[in-house]
Amino acid sequence: MSTISPRARWLAAAAAGATAAAGALLIGTGTAEAGTISGTLYRDTNTAVARWVAANPGDSRTAVIRDRIASQPASHWLSNFNLSTIGSEVSTYVNAANAAGQIPVLTAYAIPNRDCGGASAGGAPDLTQYQTWIRAVAGGLGDRTVIIVLEPDSIALQTCLSSAEITARGQALATATRTLKAANPNAKVYLDAGHSAWNSAADQAGRLAGAGVADADGFYTNVSNFNANSAEVSYGKAIISALNGRGISGKHFVVDTSRNGGASGDWCGDDNTDRRIGTYPTTATGDGDVDAYLWVKPPGEADGCRYAAGSFQPDLAYSLASSAPNPPVTSSPTASPSSSSASPSPSSPSPSASSPNPGAGCTATFKVTGSWQGGFQAAVTVTAGGKAISGWAVGWTLGSGQSISQVWNGTLTTSGTAVTVRNVSWNGALQPGASAEFGLLASGSAVTPALTCTTA
């Protein structure tokens, strides 16, 4: 997978480095309302970071990378121009998310003259074939909510295009937006708005208008960049105001928070000095203009300076995650990091099973969120009873032929067929009625077990 590489936008960001304040881990300011999207974002277990974690259990960096990056949902990039496979790639991913009851995030990245010929050069050979590719993407979107980040840098970066080419690209993006929305009216399509240290809000609004943002749900900012939420939210609101002035109303935006939790540092993420993961992905932004904080650029994937663009580098991932806070503990079971492998065909989730005795110190609910031939994925929600607890442990007995290959947000121990998952350091303390969750991958039949939940 090739993700976006650094260009002149980061040189501008370096000059405005003071905006990337340490407060980036806080949710941006705004009214306490929801955006237009609600639900849990989809976490794919067949990502580069998840594969690295599974293959390196003894590495000293693994626990941090697992708990703070691999446990989180990130966008799936559609960056290979292959007309024969793109439709099945999209439908497999979307169907897996739908089976888990979660919201997939896709980044479409195949516009001709992509990245102005930089480290992520490529894409469709011409705009006609690009529209064929978009129609294939649209055909796999299903009919449920899906978030589409359409063509990073395609609008903010135009220095390599002539005036006629800029117009043609704008028309192509407008057509692509209409195609995606027509195929799935529940698709949320966002166009490129660069970031707060690049083009002015008025300039960017004009570019968005020319690219058909009137037919989109809105725009996105900060993809593959490092600017703080406060700067990006202010910038996004300024663009909304400028669009309103052009007669284009009702637009929202999303922000890439995958790497904006640090202060100043080198302009390229491959030469990381003070970059950290930012706000964990969520649709609960607390701001009516902001539909979601997303991890569009998967943390740990290179920019193309020191390593190949899009390649996963554990040292980069560890640098981003080592000084970041742990994921939040939720007060209700709404943030299950579940998905299924990219290779199998998912089936409908099985019913959940709960531990008995709801008056106990804690209860646990086991839910199969995806299954395939020979394996399954599950999410377990642990809920404190009427008193605060300082730790928890969930136990059950494996069925015939079952084994667990991976657990996140918990510590696994096994003895024969007896399984116990205990809290990690940051999700054991729960107030009355509060919940924490862990997930697992297992082989064997997707059977829900009888659970026991005990407190420390």
Side-chain angles (χ1 to χ4, degrees), residues 1-6 10 13 17 20-25 43-77 119 222-229 256-281 293-329 337 339 405-412 423-427 438-439 441:
M1 177 184 70
S2 175
T3 53
I4 198 167
S5 69
W10 282 331
L25 285 165
R43 173 191 175 272
D44 181 17
T45 58
N46 191 35
T47 59
V49 62
R51 291 192 297 269
W52 184 87
V53 166
N56 296 274
D59 193 290
S60 61
R61 301 165 293 183
T62 296
V64 166
I65 294 173
R66 178 195 64 214
D67 291 344
R68 299 177 186 175
I69 295 179
S71 68
Q72 299 301 304
S75 180
H76 177 74
W77 286 63
N222 209 46
V223 166
S224 295
N225 217 279
F226 310 101
N227 297 312
N229 280 3
D256 184 359
T257 62
S258 61
R259 308 191 298 179
N260 70 345
S264 60
D266 295 321
W267 66 275
C268 179
D270 291 12
D271 300 312
N272 203 303
T273 56
D274 188 16
R275 303 301 192 195
R276 291 191 293 278
I277 53 176
T279 301
Y280 284 99
Y293 294 120
L294 305 175
W295 283 6
V296 181
K297 172 76 173 184
E301 295 192 6
D303 294 325
C305 306
R306 187 152 52 103
Y307 307 102
S311 64
F312 177 75
Q313 302 295 332
D315 60 329
L316 296 182
Y318 184 75
S319 175
L320 289 166
S322 58
S323 59
N326 288 303
V329 174
S339 71
S405 59
Q406 185 181 150
V407 167
W408 53 92
N409 299 339
T411 301
L412 171 70
N423 62 274
V424 289
S425 61
W426 50 269
N427 64 359
F438 65 88
L441 290 178

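The structure displayed is predicted, hence computed values, not measured ones.
- Looking at Y280 and T257, their side chains never come closer than 4.5 Å, going by heavy atoms from C-beta outward.
- Take D256 and apply the side-chain hydrogen bond (donor to acceptor under 3.5 Å, both in side chains) test, not counting sequence neighbours, and it matches S258.
- Between the side chain of K297 and the backbone N or O of G310, no donor-acceptor pair lies under 3.5 Å.
- When the side chain to side chain contact (heavy atoms under 4.5 Å, CB included) test is applied to A317, the partners found at least two apart in sequence or on another chain are I65, I69, F312.
- Considering only heavy atoms from C-beta on, W426 comes within 4.5 Å of P327 through its side chain.
- The minimum heavy-atom distance linking V407 with G410 is given by the pair CG1-O, 3.6 Å.
- Residue R259 forms a side-chain hydrogen bond (donor to acceptor under 3.5 Å, both in side chains) with just one option from D303, N222, N225, and that option is D303.
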For this session: Start with the C-alpha gap between N427 and F438, add the side-chain angles, then the distance that decides, and say whether side chain to side chain contact (heavy atoms under 4.5 Å, CB included) holds.
Result: CA-CA 10 Å; N427 64 359; F438 65 88; 5.6 Å; no

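- Looking at residues two or more places apart in sequence or on another chain, you find a salt bridge (charged side-chain N to carboxylate O under 4.0 Å, His left out) between D59 and R61.
- Atom-to-atom distance recorded for T279:OG1 and N229:CG is 4.0 Å, nearest 0.5 angstrom.
- In this structure Q313 satisfies the side-chain hydrogen bond (donor to acceptor under 3.5 Å, both in side chains) test together with S311, sequence neighbours excluded.
- Considering only residues two or more places apart in sequence or on other chains, V64 meets the side chain to side chain contact (heavy atoms under 4.5 Å, CB included) condition with R68, Y318, A321.
- In this structure, A302 and A308 approach most closely via the heavy-atom pair CB-O, 3.5 Å.
- Atoms CD and CG, from Q72 and N409 in turn, are 7.0 Å apart once rounded to the nearest 0.5 Å.
- When all heavy atoms are compared, the tightest approach of S75 to P298 is O-CG, 4.2 Å.
- Under the 3.5 Å distance criterion, the side-chain polar atoms of N260 are matched with a main-chain donor or acceptor of N227.
- One distance of note links OG1 of T411 with CG of N423; it measures 7.5 Å at 0.5 Å rounding.
- Nearest heavy atom pair, residue W408 against residue S71, reads CD1-CB, 4.3 Å.
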Could you list the donor-acceptor pairs under 3.5 angstrom formed between side-chain atoms of residues 48-57 and any protein atom two or more places apart in sequence or on another chain?
from : atom 1 : to  : atom 2 : distance (Å)
R51  : NH1    : N46 : O      : 2.8
R51  : NH1    : N46 : OD1    : 3.3
N56  : ND2    : W52 : O      : 2.8

